[in-house]
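The structure appears right after this line, and notes come after that.
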Amino acid sequence: MYKELSLNIELQNNRKIYFLSDIHLGTPNEQQSLQREKIVVRFLSSIANDAQTIFFVGDIFDFWFEYKHAVPKYFIRFFAKIIELREKGIDIYFIKGNHDLWMSDYLEQLLDIKLVEDRILLKANKKTFFITHGDGKGPGDTKYKTLKKIFTNPICKYLFSWVHPDIGIKIAQIWSRSSFTDPKTEKFKGEESEWLITYTKKKLETNNVDYFIFGHRHLPMKLDISSSSMYINLGDWIVNFTYAVFDGSNLALNVFENNINE
């Protein structure tokens, strides 16, 4: 697992890089989560022929905790598709989000992916990308920043691991759902009030970045923040079914139209 990862990618002919986040598999119940999982699997199948690299930018799961001998029992279709894509030679990266920050090495071993704690600094076809989930970034939100320090503390993780999985997962699911932001309620607050935009502008003072890519906000956005830099929020896969794709020259924010449950 990496805290921060620097990558260089040169896209092959007719190949692309894909970004998606905030699938929140597991919420609000098993049935609806399964329907959404099937949609995500259809999307991944649709890009299998031209994807060179896929970045999952946090909150793929609504909750994930790895006990020594137990993990949540769901998401088999999703895992099988990831394994299939890896066998095709597609590189896959998971960045932790605030809902799945307790991922550890199990998924790296099971899925043959790379897991990143915080952010990825990517150079692809002469473009620079700053990729992170977005939780705890920027000004304010001191309550969550304090909670994150507690949740990621090794002692706290160890103590939680002694709770029986049936109880521990149930407790975590209740907390996760209580802190969940409904994408239907999300509205653009204005450039000066969007704390991730404030964060990107601060980063630009010392870093040259073409694309800042975030999840977390559940509101798809693509906004020029300077003459040469763009802020992208990937939205979610609960309401918007949005993703970003880079073709080697341009980055687009698209909707997966085949998002009706079968």
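Computed from a predicted structure; not experimentally measured.
Of the candidates H133, H218, H216, H133 is the only one forming a side-chain hydrogen bond (donor to acceptor under 3.5 Å, both in side chains) with D59. Y93 pairs in a ring pair (Phe, Tyr, Trp, His ring centres under 6.0 Å) with only one of the listed residues (F55, Y18, F19), which is F55.
Atom-to-atom distance recorded for I9:CD1 and Q52:CD is 6.5 Å, nearest 0.5 angstrom. Remark: L5 CG to D118 CG distance equals 11.5 Å, nearest 0.5 Å. Note that NZ of K81 is 14.0 Å distant from NZ of K38, once rounded to the nearest 0.5 Å. Residue I92 holds its CD1 atom at 13.0 Å from CG of L115, rounded to the nearest 0.5 Å. Going from atom CG of D112 over to atom CG of L85 covers 12.0 Å, rounded to the nearest 0.5 Å. Of the inter-residue distances, the one linking T198 atom OG1 with I225 atom CD1 reads 10.0 Å to the nearest 0.5 angstrom.
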Passes ring-ring contact (aromatic ring centres under 6.0 Å, His included), F56 versus F78? Steps please. CA-CA 12 Å; F56 290 93; F78 176 70; 5.7 Å; yes
Start with the C-alpha gap between D22 and L234, add the side-chain angles, then the distance that decides, and say whether side-chain contact (heavy atoms from CB on, under 4.5 Å) holds. CA-CA 8 Å; D22 294 274; L234 297 170; 5.9 Å; no
Verify side-chain contact (heavy atoms from CB on, under 4.5 Å) between I213 and L251, making sure each step is shown before the conclusion. CA-CA 11 Å; I213 297 182; L251 186 140; 3.8 Å; yes
Please step through side-chain contact (heavy atoms from CB on, under 4.5 Å) for the pair L20 and F43, ending with a clear verdict. CA-CA 11 Å; L20 63 159; F43 167 74; 4.2 Å; yes
Please report the C-alpha distance between H24 and D236 in whole Å, then the side-chain angles of each, then the deciding distance to 0.1 Å, and finally whether the side-chain hydrogen bond (donor to acceptor under 3.5 Å, both in side chains) criterion is met. CA-CA 8 Å; H24 287 276; D236 73 287; over 6 Å; no
Could you please spell out the steps behind the side-chain contact (heavy atoms from CB on, under 4.5 Å) verdict for L204 and S226? CA-CA 9 Å; L204 276 178; S226 76; 4.2 Å; yes
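Hydrophobic clustering (side-chain heavy atoms under 4.5 Å, transitive across Ile, Leu, Val, Met, Phe, Trp, Tyr) keeps L223 apart from V255. Linking ILVMFWY residues whenever their side-chain heavy atoms come closer than 4.5 Å, directly or via other members, leaves V41 and V245 in distinct clusters. Hydrophobic clustering of Ile, Leu, Val, Met, Phe, Trp and Tyr side chains at less than 4.5 Å, counting indirect connections, unites L7 with Y211. Hydrophobic clustering, with ILVMFWY side chains joined whenever heavy atoms are under 4.5 angstrom apart, groups F79 together with W237. Clustering ILVMFWY residues whenever any of their side-chain heavy atoms sit less than 4.5 angstrom apart, transitively, puts I82 in a cluster other than the one holding L34.
Aromatic pair F256/F241: ring centres not closer than 6.0 Å. For F129 and F246, the ring centers are positioned less than 6.0 Å apart.
The nearest pair of heavy atoms linking I54 to I47 is CD1-CD1, 3.8 Å. The heavy-atom pair separating I60 from D100 by the smallest distance is N-OD2, 2.8 Å. Scanning all heavy atoms of the two residues, the minimum distance from I238 to I23 falls at CG1-O, 4.1 Å. Minimum interatomic distance between M221 and E194 (heavy atoms only, all atoms of both residues): CE-OE1, 4.0 Å. Residues V116 and K3 share a closest heavy-atom pair of CG1-O, 3.9 Å. G235 and S21 make their closest contact through O-OG, 3.9 Å (heavy atoms, listed as atom of the first residue, atom of the second, distance).
By the side chain to side chain donor-acceptor pair (under 3.5 Å) test, N125 is found to be paired with no residue, residues two or more places apart in sequence or in another chain being considered. Take R15 and apply the side chain to side chain donor-acceptor pair (under 3.5 Å) test, not counting sequence neighbours, and it matches no residue. Annotation: side chain to side chain donor-acceptor pair (under 3.5 Å) contacts of N208 (sequence neighbours excluded): none. Applying the side chain to side chain donor-acceptor pair (under 3.5 Å) criterion to E4, with sequence neighbours excluded, gives R119. Every residue meeting the ring pair (Phe, Tyr, Trp, His ring centres under 6.0 Å) condition with Y231, not counting sequence neighbours, appears here in chain and number order: F214.
The main-chain N or O of Q32 is found under 3.5 Å from a side-chain atom of N29 such that the two form a donor-acceptor pair. A donor-acceptor pair is defined here as one N or O able to donate and one able to accept, closer than 3.5 Å; no such pair exists between the side chain of N233 and the backbone of P220.
Residue pairs satisfying the salt bridge (charged side-chain N to carboxylate O under 4.0 Å, His left out) criterion with at least one member in residues 197-211, sequence neighbours excluded, are listed as follows: E191-K201, E192-K201, K202-E205.
Between K96 and D135 there is no salt bridge, since no side-chain N of the basic residue sits under 4.0 Å from a carboxylate O of the acidic one.
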